[in-house]
Amino acid sequence: MTIGPAAATRAPGDRLGRPLRDLRVSVTDRCNFRCVYCMPKEAFGKDYQFLERREILTFEEIARLARIFKRGGIQKIRLTGGEPLVRRNVERLIEMLAQIPDLDLTLTTNGSLLAKKARSLRDAGLKRVTVSLDSLDDRVFRRMNDVDFPVDKVLEGIEAAAAAGLSPVKINMVVKRGVNDNSMVPMARFFRGSGHILRFIEYMDVGHTNGWRMDDVVTAREIISMIDAEIPLEPLDPNYTGEVAERWRYRDGSGEIGVIASVTHAFCRDCTRTRLSTEGKLYTCLFATHGHDLRALLRGGATDEDIFEAIGAIWSKRTDRYSEIRSAHTAGLDKIEMSYIGG
Ligand code: SAM
Ligand code: SF4
Ligand code: SF4
């Protein structure tokens, strides 16, 4: 049995007919960066209370849930956080997940530890990696990560990932107006022809600490027209239904880029994603204000069948479509932070 329709049918999944296909797992709420749009220092300072060890899911608990989700139709798991590579021995979790057949296993990282870890991640069974990088300009990059981390180290990480076969490497760049919009064209030029796929992300109103304003969003339309003016582009068809990035290719054949327009072009209609927080709460939307406690089931003696049923019941009631109904009012809601819920 799967949760939601089989690929070829249109039987109902959640309340809007969307099947459950994609699970993001936040393996830690901690991070060695303080990106201004995600974990601003004013909110995530020295006194910030991160989760304690006993509160966070163990690797065994995550792997058990992953197997149950797989039975429910999940095809892909993305490990994220916080910064997933700061969780000690995350390779052991990857080894456990890599044993689940027919599962696309990937990870999103800030790249800071990738030069050191690319090979061991690959050996553990990771297939691909997405690296976040917001500028090639060292001054801009250091200002955005706000911990004075140099851009060269991330570039080394990207090369190490490609050399280890974690490819194609996807590069995610969040664009914030007046902060790094001037970095877009240099990024496009740098990664063109490299085989890595650069994706521009509209700055979103995740969580409630980043002080998001619509004026700070550089829209997908603006992004495409700025790149197109320098390096001509043409649209590409999506790889599959529900792909979040809109694809464009350079007219001279030197590669493709993507734009994730979650603010100006909502893709809730095809959203098959769910998120498991570091302490085992299930969130059916990135912008959710509450989650469902799976850890209580795991630690309270529930059987796999009980948990499977519980997940199915949660999914069948899902009505989330935050990006379609975003407004000045919703931006101010007390939403869960992205570093905790899993980006
Ligand atoms: N630490 C890892 C990293 O930075 O890649 C994984 C977690 S991070 C929360 C996942 C992704 O969310 C990153 O690509 C990051 O740039 C993106 N992100 C964080 N805050 C965002 C925001 N306000 N708007 C858009 N994307 C955001
Ligand atoms: Fe850390 Fe990633 Fe958030 Fe930056 S975007 S603060 S690297 S979790
Ligand atoms: Fe999915 Fe929620 Fe994002 Fe819409 S806003 S695409 S429902 S995670």
Side-chain angles (χ1 to χ4, degrees), residues 14-16 18 20-22 24-41 43-44 50 78-87 90 106-114 129-135 141 144-147 149 154 157-158 170-176 179-180 198-213 216-218 242-245 260-263 265-275 277-278 283-289 318-326 330-331 335-343:
D14 67 6
R15 287 266 178 86
L16 302 176
R18 300 167 296 188
L20 175 53
R21 291 281 177 262
D22 184 337
R24 297 185 178 208
V25 181
S26 174
V27 295
T28 176
D29 58 337
R30 292 168 198 253
C31 185
N32 54 346
F33 283 14
R34 286 292 176 274
C35 301
V36 291
Y37 51 73
C38 178
M39 295 178 80
K41 267 186 181 159
F44 293 86
F50 289 100
R78 175 175 298 280
L79 301 183
T80 176
E83 172 47 43
L85 300 189
V86 303
R87 174 117 184 220
V90 72
T106 176
L107 174 147
T108 302
T109 173
N110 62 27
S112 57
L113 299 170
L114 201 50
V129 79
T130 298
V131 182
S132 305
L133 176 61
D134 297 326
S135 182
F141 184 63
M144 286 191 86
N145 65 55
D146 215 9
V147 293
F149 197 87
V154 178
I158 292 170
K170 287 186 184 154
I171 319 283
N172 276 359
M173 172 178 178
V174 175
V175 189
K176 191 170 175 193
V179 179
N180 67 335
L198 177 60
R199 300 171 339 152
F200 299 95
I201 305 181
E202 288 181 348
Y203 170 48
M204 296 185 287
D205 52 331
V206 290
H208 59 278
T209 57
N210 67 5
W212 183 89
R213 296 174 322 137
D216 294 330
V217 180
V218 181
E243 186 170 32
V244 296
I260 303 181
S262 41
V263 176
H265 192 186
F267 35 79
C268 302
R269 197 175 312 136
D270 293 318
C271 178
T272 56
R273 283 178 297 285
T274 194
R275 292 177 158 84
S277 77
T278 317
Y283 290 89
T284 55
C285 177
L286 176 57
F287 299 92
T289 50
R318 176 182 188 244
T319 56
D320 302 293
R321 51 185 200 93
Y322 179 89
S323 290
E324 290 178 357
I325 58 170
R326 174 183 282 108
T330 57
K335 291 170 263 119
I336 311 291
E337 293 301 328
M338 196 175 192
S339 50
Y340 162 88
I341 199 172

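Remember, it's 1-based here, ligands and their atoms both numbered in the order they're listed.
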| To the nearest 0.1 Å, how far is atom 3 (Fe) of ligand 2 from its closest protein heavy atom, and which atom is that? | Cys38 SG, 2.4 Å

| field | Any N or O of Thr108 closer than 3.5 Å to N or O of ligand 1 | value | no

| said: Under a 4.0 angstrom heavy-atom cut-off, which atoms of ligand 3 come close to Cys268? | reply: 4 (Fe), 5 (S), 6 (S), 7 (S)

| Below 4.5 Å, heavy atoms only, C-beta onward: do Lys176 and Cys35 meet side chain to side chain? | no

| Numbered atoms of ligand 1 (with element) below 4.0 Å of Val206, judged on heavy atoms | 22 (C), 23 (N)

| For Leu133 and Phe141, which heavy atoms make the closest approach, and how far apart are they? | CD1-CE1, 3.7 Å

| field | Nearest neighbour of atom 12 (O) of ligand 1 from the list Met338, Lys176, Arg78, on a heavy-atom basis | value | Met338

| note | Residue, atom and distance of the protein heavy atom nearest atom 3 (C) of ligand 1 read Ser132 OG, 3.3 Å

| Backbone of Thr284 reached by a side-chain donor or acceptor of Arg318 within 3.5 Å | yes

| Criterion side-chain hydrogen bond (donor to acceptor under 3.5 Å, both in side chains) against Tyr37, the qualifying member of Asn180, Asp216, Thr209, Asp134 | Asp134

| request: Of the side chain and backbone of Glu324, name the one, both, or neither that has a heavy atom under 4.0 Å from an atom of ligand 3. | output: neither

| message | Give me the nearest non-hydrogen protein atom to atom 2 (Fe) of ligand 3 as residue plus atom name, then the distance to 0.1 Å. | response | Cys285 SG, 2.3 Å

| pair Tyr322-Asp205: side-chain heavy atoms closer than 4.5 Å | yes

| query | Arg87 side chain to Gly82 main-chain N or O, any donor-acceptor pair under 3.5 Å? | reply | no

| query | Are Thr109 and Glu83 close enough, and set up right, to give a side chain to side chain contact (heavy atoms under 4.5 Å, CB included), and what steps lead you there? | reply | CA-CA 6 Å; Thr109 173; Glu83 172 47 43; 2.7 Å; yes

| task | Quick one: pull up CE in Met338 and OG in Ser26 and give me the separation to the nearest 0.5 Å. | result | 10.5 Å

| CG of Asp320 to CZ of Arg273: how many Å apart, nearest 0.5 Å? | 11.5 Å

| field | Selection from Met173, Met144, Met204 by shortest heavy-atom distance to atom 25 (C) of ligand 1 | value | Met204

| Short list, please: which atoms of ligand 1 are under 4.0 Å from a heavy atom of Asn210? | 23 (N)

| field | Side chains of Leu16 and Arg269 in contact at under 4.5 Å (non-hydrogen atoms) | value | no

| said: Determine whether Asn110 and Cys31 satisfy the following criterion, side chain to side chain contact (heavy atoms under 4.5 Å, CB included), listing intermediate values before the conclusion. | reply: CA-CA 9 Å; Asn110 62 27; Cys31 185; 3.8 Å; yes

| Distance filter under 4.0 Å to Thr80 heavy atoms, resulting ligand 1 atoms | 6 (C), 7 (C)

| Could you walk me through whether Phe287 and Val206 pass the side chain to side chain contact (heavy atoms under 4.5 Å, CB included) check? | CA-CA 6 Å; Phe287 299 92; Val206 290; 3.8 Å; yes

| task | Report yes or no: does Ser132 have a heavy atom closer than 4.0 Å to ligand 2? | result | no

| message | Is Cys31 close enough to atom 1 (Fe) of ligand 2 that one of its N, O or S atoms comes in under 2.8 Å? | response | yes

| field | Heavy-atom donor-acceptor pair, Arg326 side chain to Ser262 backbone, under 3.5 Å | value | yes

| task | Could you check if a side-chain atom of Asp29 sits within less than 4.5 angstrom of a side-chain atom of Ser339, using non-hydrogen atoms only? | result | no

| field | Per-atom contacts of ligand 2 with Met39, taking only distances under 4.0 Å to non-hydrogen atoms | value | 6 (S)

| note | So the atoms of ligand 1 within less than 4.0 Å of a heavy atom of Glu202 turn out to be 25 (C)

| Which residue holds the protein heavy atom closest to atom 7 (S) of ligand 3, what is that atom called, and what is the gap in Å? | Asp320 O, 3.6 Å

| note | Near Asn172 (heavy-atom distance under 4.0 Å), the atoms of ligand 1 are 14 (O)

| Which of the numbered atoms in ligand 3 are below 4.0 angstrom from a heavy atom of Tyr322? | 5 (S)

| field | Phe267: numbered ligand 3 atoms lying under 4.0 Å from its heavy atoms | value | 6 (S)

| Check: Ser112 side chain, Val154 main-chain N or O, donor-acceptor pair, under 3.5 Å | no

| query | Looking only at atom types and distance, does a side-chain atom of Arg199 sit under 3.5 Å from a main-chain N or O of Lys170, one as donor and one as acceptor? | reply | no

| Quick one: nearest non-hydrogen protein atom to atom 20 (N) of ligand 1, plus distance? | Tyr37 CD1, 3.2 Å

| query | For atom 26 (N) of ligand 1, what's the nearest protein heavy atom and its distance? | reply | Val174 CG2, 3.3 Å

| said: Does any part of the side chain of Met204, heavy atoms only, come nearer than 4.5 Å to the side chain of Ser323, both counted from C-beta? | reply: no

| query | Which ligand 3 atoms, with their elements, are less than 4.0 angstrom from a heavy-atom of Phe287? | reply | 5 (S)

| query | Heavy-atom distance to atom 1 (N) of ligand 1: which of Gly81, Cys31, Gly82 wins? | reply | Gly82

| request: May I ask you to identify the nearest protein heavy atom to atom 1 (Fe) of ligand 3, giving residue, atom name and distance to one decimal place in Å? | output: Cys271 SG, 2.4 Å

| Interfacing atoms of ligand 1 (cut-off 4.0 Å, heavy-atom, Thr109) | 2 (C), 3 (C), 5 (O)

| field | atom 4 (Fe) of ligand 2 to nearest N/O/S of Cys35 below 2.8 Å | value | yes

| field | Per-atom contacts, ligand 1 versus Glu83 - under 4.0 Å to a heavy atom | value | 1 (N), 2 (C)

| Protein contact of atom 8 (S) of ligand 3 - nearest heavy atom, named by residue and atom, plus distance | Leu286 N, 3.3 Å

| request: Mark up the atoms of ligand 3 that fall under 4.0 Å of a heavy atom belonging to Ser323, in ascending order. | output: 5 (S)

| request: Write out the residue and atom name of the closest protein heavy atom to atom 10 (C) of ligand 1, then the distance separating them to 0.1 Å. | output: Gly343 CA, 3.9 Å

